[in-house]
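What follows is one structure encoded as structure tokens, with my remarks underneath.
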Amino acid sequence: MYSCNWRLFNRYDFIESLKRLTFRIRDGKAISFTQFSTLKLSFPNFDEQNKIATLLHVLDKNITLHNQKLNLLKLVKQSLLQNMFI
């Protein structure tokens, strides 16, 4: 199953190309698949997509490590506050 990236359809260049295609079409009227299939969609090449995916994976791991550190610091804080009044 394919995932749809809705941000692609919000980009200025896509909207401008859609405006040219839908000239004289009123709001609510459907666009045929034939018309829609003539739109040019640009994507990064496969190598660039892999670099982006790798970067995002590294960032996710970094976020996870920082969240673990934050949770440990919260435990230390809680322990210090509890022991402060003993």
Side-chain angles (χ1 to χ4, degrees):
M1 176 176 239
Y2 293 100
S3 146
C4 183
N5 184 346
W6 294 108
R7 283 174 280 188
L8 171 69
F9 300 112
N10 289 330
R11 289 181 21 198
Y12 176 79
D13 56 337
F14 177 78
I15 292 170
E16 286 303 307
S17 64
L18 195 57
K19 281 181 185 177
R20 286 189 295 277
L21 179 70
T22 59
F23 180 70
R24 301 179 133 198
I25 292 180
R26 296 177 59 179
D27 290 344
K29 184 176 179 186
I31 301 171
S32 72
F33 177 76
T34 305
Q35 289 173 312
F36 189 77
S37 67
T38 63
L39 291 175
K40 303 285 188 230
L41 302 176
S42 61
F43 296 95
N45 64 41
F46 189 71
D47 185 48
E48 187 70 18
Q49 289 179 37
N50 278 332
K51 289 177 183 177
I52 293 168
T54 300
L55 174 64
L56 292 175
H57 181 70
V58 168
L59 290 173
D60 280 341
K61 287 172 69 175
N62 202 353
I63 289 169
T64 299
L65 290 173
H66 281 285
N67 279 331
Q68 290 172 349
K69 184 176 179 179
L70 176 62
N71 289 333
L72 286 173
L73 289 171
K74 285 180 180 179
L75 288 173
V76 169
K77 176 185 173 183
Q78 181 182 10
S79 175
L80 290 171
L81 287 172
Q82 286 175 347
N83 291 328
M84 190 168 76
F85 297 110
I86 294 180

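Here the structure is a predicted model, which is why all the values come from computation and not from measurement. What you see below is based on every heavy atom in this structure, not just the backbone, and it leaves out hydrogens, waters and symmetry mates.
Interatomic distance, CG of N83 versus CD of Q78, reported as 10.5 Å (0.5 Å rounding). Separation of atoms NZ (K51) and OG1 (T54) is listed at 10.0 Å; rounding is to 0.5 Å.
Taking the side chain as every heavy atom from C-beta outward, L59 and L55 approach each other to under 4.5 Å. Side-chain contact check for V58 versus K61: every heavy-atom pair is 4.5 Å or farther apart.
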Run the side chain to side chain contact (heavy atoms under 4.5 Å, CB included) check on L81 and M84 step by step: do they pass? CA-CA 5 Å; L81 287 172; M84 190 168 76; 4.1 Å; yes
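The residue from L70, I63, N62 that alone fulfils the side chain to side chain contact (heavy atoms under 4.5 Å, CB included) condition with H66 is N62.
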